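Shown next, in structure tokens, is the structure this report addresses.
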Amino acid sequence: MGFMDERYLLDTEAAAELYEAIADLPIVDPHNHIDLEEVVENEPWSDVWEVEGATDHYVWQLMRKRGVPEEKITGDADNREKWNALAAVFPDFAGNPTYDWVHLDLQRRFGIEKPLNADTADEIWAETKTQLAEPEMRPQAVLREMNVEVLCSSDDPTSRLEYHERAEDEIDDVDIRPTWRPDRALKIETAEWSAFVSELDAVTDADVDGFEGFLDALAESHDYFVDHDCVACDIGMGTEPISRPVSEERAGEIYAKARRGASLEEAEIRDYRAYLLEFVGELNSEAGWVTQLHIGAVRDYRDTLSEDVGPNAGGDVSTQDIDLVSGLDHFFDAFDGEMEIVLYTLDPTHYPSATVVARTYPTVSIGPAWWFNDSPLGIENQLERVAAVDLLANYAGMVSDSRKVVSYGARFEMFRRTLATVVGEMVERGRIPSDNAERLVEHVAYDRPTELYGL
């Protein structure tokens, strides 16, 4: 087997045949962090670092692990220096999916077969710079070349979605939709929450001084996203999923206390979050949206990185210390059969609990192997668990979860090849006939997410 050749990740003949059936299916990506301004403006990228490294926390983290100074990662060094610093340590990334993704990008998008290292850095820099000046390497053209059919961004409720409106008018062939993400509304104990309430007040007609007005403002924002063809809501659950019955009166008292600037007790924070989670669920259910719960991220865990570089710089981790079963039982029961729910669990030790929950509730689905788990190992382990405990046919499908436009193809290719290998192994072991296997991988790769999200 050659380096990332046609048999890349495909262990058997059955896997190769199954991948051939799904390799060219359109990409439906229900969760990503696309810079929509970049896509709509459609200006050429300047260089390969801007394409591969400038926004990629995975790249940053691994460069730090190999001793590259921050100056050449997120600092003031120029892009050529950063690219050369990445290339010098890139062979050491072998085995990490970042090594695969960048090489897939170079091969599939730029036609560059050489592995990235210190010796090839200058040649790859020059070749990609020439190609990036061509019209077919601008963002919109790249999306079309990768056969991206649908992208759902992740957007704050205070967004006016100006670039989504422009995308609808100006971009053909790619359906770009917003996703309502009310995380800041839930974080009542933070200064960020107060800023959110003020921003929400500025973009809605409701009076947020009182709790009822705040709820009305959220509902107004929700309706605004409905009018812009939104089909899903993202909710970051963090490390403590909480759902339980809480009265509006109780939640209103906590809201009023927070608005006065008073400190909240832990029980008050949990009760407010529980009430608001159910309120958001009701909005989503009425709109027919999918509710995506992202569970288990510990944000900005590395203090020095947060202090020196800032938030969202690659210092997040996951934790095992979560009881999603007792933490979310009220939510699951409240919307049993009424709303599609997708579970993203960041720590793989939660897959057993998540899959048995999904097996119990027909409208709860397992989301893709997310973040730290979107490697061939992580995807394979998760798919095998879902198939053995729940149903692979009810798996929610793949998402890129990426900020890098060029990488959407690589992320989906890795997933589809791994899916073909997992199902191909079932064929090789006599567990499933080949025609049923082909139908299954086509369903998981395209039909299921298209149907689940109403796309």
Side-chain angles (χ1 to χ4, degrees), residues 26-42 55 139-140 143-144 148-186 192 195-196 199-206 216-237 276-277 279-294 312 339-342 344 367-368 370 396-405 408 411 449-455:
I27 288 174
V28 174
D29 186 1
H31 175 72
N32 60 75
H33 298 278
I34 191 169
D35 180 351
L36 193 51
E37 179 180 356
E38 175 183 66
V39 172
V40 171
E41 296 295 347
N42 204 35
T55 63
Q140 293 178 26
L143 288 174
R144 295 188 186 100
V148 175
E149 184 173 88
V150 182
L151 291 174
C152 297
S153 58
S154 195
D155 304 278
D156 192 89
T158 62
S159 173
R160 296 296 85 191
L161 305 176
E162 296 93 341
Y163 282 102
H164 287 84
E165 292 177 347
R166 284 188 57 186
E168 185 175 2
D169 293 337
E170 300 173 22
I171 300 178
D172 297 326
D173 305 325
V174 183
D175 185 1
I176 301 175
R177 301 183 182 225
T179 302
W180 201 66
R181 184 152 193 165
D183 288 13
R184 291 200 296 159
L186 291 159
E192 188 179 7
F196 170 79
E199 292 169 26
L200 187 67
D201 184 43
V203 298
T204 61
D205 294 327
D216 288 343
L218 285 175
E220 182 181 329
S221 166
H222 199 275
D223 288 342
Y224 186 79
F225 275 61
V226 168
D227 292 340
H228 285 76
D229 297 323
C230 181
V231 294
C233 169
D234 282 330
I235 303 176
M237 301 299 295
L276 203 63
L277 176 63
F279 176 78
V280 167
E282 290 170 355
L283 294 177
N284 295 345
S285 179
E286 291 170 4
W289 288 1
V290 178
T291 298
Q292 303 183 119
L293 302 181
H294 303 264
N312 302 315
M339 177 175 65
E340 296 287 352
I341 299 169
V342 176
Y344 296 73
W370 170 49
M398 178 59 178
V399 301
S400 73
D401 192 37
S402 180
R403 291 167 172 79
K404 291 171 21 178
V405 169
Y408 293 167
R411 299 290 180 94
T450 302
E451 295 166 359
L452 177 63
Y453 290 89
L455 299 169

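Counting from 1, the numbers follow the sequence of the chain as shown. Everything numeric in this text was worked out from a predicted model, so none of it was measured.
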Close side-chain approach of [X] to [Y], heavy-atom, < 4.5 Å:
{"X": "Val280", "Y": "Trp180", "result": "yes"}
{"X": "Leu452", "Y": "Val342", "result": "yes"}
{"X": "Asp29", "Y": "Val148", "result": "no"}
{"X": "Pro449", "Y": "Leu455", "result": "no"}
{"X": "Asp401", "Y": "Tyr344", "result": "no"}
{"X": "Tyr163", "Y": "Val39", "result": "no"}
{"X": "Leu200", "Y": "Leu218", "result": "yes"}

In plain terms, say whether Arg166 and Glu41 are close enough for a salt bridge, that is, a side-chain N and a carboxylate O under 4.0 Å apart.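 Looking at Glu41 together with Arg166, the answer is yes, because their closest N to O distance falls below 4.0 Å.
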Which residue in the set Glu168, Arg177, His164, Glu165 passes side-chain hydrogen bond (donor to acceptor under 3.5 Å, both in side chains) when paired with His228?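 Output: one option passes, namely Glu165.
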Qualifying residue for side-chain hydrogen bond (donor to acceptor under 3.5 Å, both in side chains) with Tyr453, from His31, Glu340, Gln292: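 For Tyr453, the side-chain hydrogen bond (donor to acceptor under 3.5 Å, both in side chains) check succeeds only for Gln292.
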Is the His222 to Trp289 ring centre distance short of 6.0 Å?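 Yes - the distance between ring centres of His222 and Trp289 falls below the 6.0 Å cut-off.
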Least distance between heavy atoms, [X] atom then [Y] atom:
{"X": "Pro182", "Y": "Asp234", "answer": "CD-O, 3.2 Å"}
{"X": "Cys230", "Y": "Ala232", "answer": "SG-O, 3.1 Å"}
{"X": "Leu276", "Y": "Ala185", "answer": "CD2-O, 3.3 Å"}
{"X": "Arg160", "Y": "Val203", "answer": "NH1-O, 3.5 Å"}
{"X": "Gly367", "Y": "Ala396", "answer": "CA-CB, 4.0 Å"}
{"X": "Pro368", "Y": "Val399", "answer": "CG-CG2, 3.5 Å"}

Which residues pass the salt bridge (charged side-chain N to carboxylate O under 4.0 Å, His left out) test with Asp183, not counting sequence neighbours?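 Only Arg181 meet the salt bridge (charged side-chain N to carboxylate O under 4.0 Å, His left out) criterion with Asp183.
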Only counting residues at least two apart or in another chain, list the ones meeting salt bridge (charged side-chain N to carboxylate O under 4.0 Å, His left out) with Arg144.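 Testing Arg144 for salt bridge (charged side-chain N to carboxylate O under 4.0 Å, His left out), a comparison that skips the adjacent residues, returns Asp173.
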Does anything in residues 148-157 form a salt bridge (Lys or Arg N to Asp or Glu O under 4.0 Å)? List the pairs, not counting sequence neighbours.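 Applying salt bridge (Lys or Arg N to Asp or Glu O under 4.0 Å) to every pair that reaches into residues 148-157, excluding sequence neighbours, yields Asp156-Arg184.
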Would Ile34 and Tyr408 satisfy side-chain contact (heavy atoms from CB on, under 4.5 Å), going step by step from the backbone distance to the final call? CA-CA 10 Å; Ile34 191 169; Tyr408 293 167; 3.3 Å; yes
Ignoring hydrogens and geometry, is there a side-chain-to-backbone donor-acceptor pair from Gln140 to Ile171 under 3.5 Å?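 It does not hold such a pair.
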N/O donor-acceptor pair under 3.5 Å between Ser221 side chain and Pro157 backbone: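 Side chain of Ser221 to backbone of Pro157, a donor-acceptor pair under 3.5 Å: yes, one is there.
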Verify whether one side chain among His33 and Thr55 offers a donor that lies under 3.5 Å from an acceptor in the other.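 There is no such pair between these side chains.
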Rounded to the nearest 0.5 Å, what's the gap from [atom1] on [X] to [atom2] on [Y]? Could you check?
{"X": "Asp223", "Y": "Thr204", "atom1": "CG", "atom2": "OG1", "result": "11.5 Å"}
{"X": "Asn32", "Y": "Cys152", "atom1": "CG", "atom2": "SG", "result": "7.5 Å"}
{"X": "Leu186", "Y": "Phe196", "atom1": "CG", "atom2": "CZ", "result": "9.0 Å"}
{"X": "Met339", "Y": "Asn284", "atom1": "CE", "atom2": "CG", "result": "6.0 Å"}

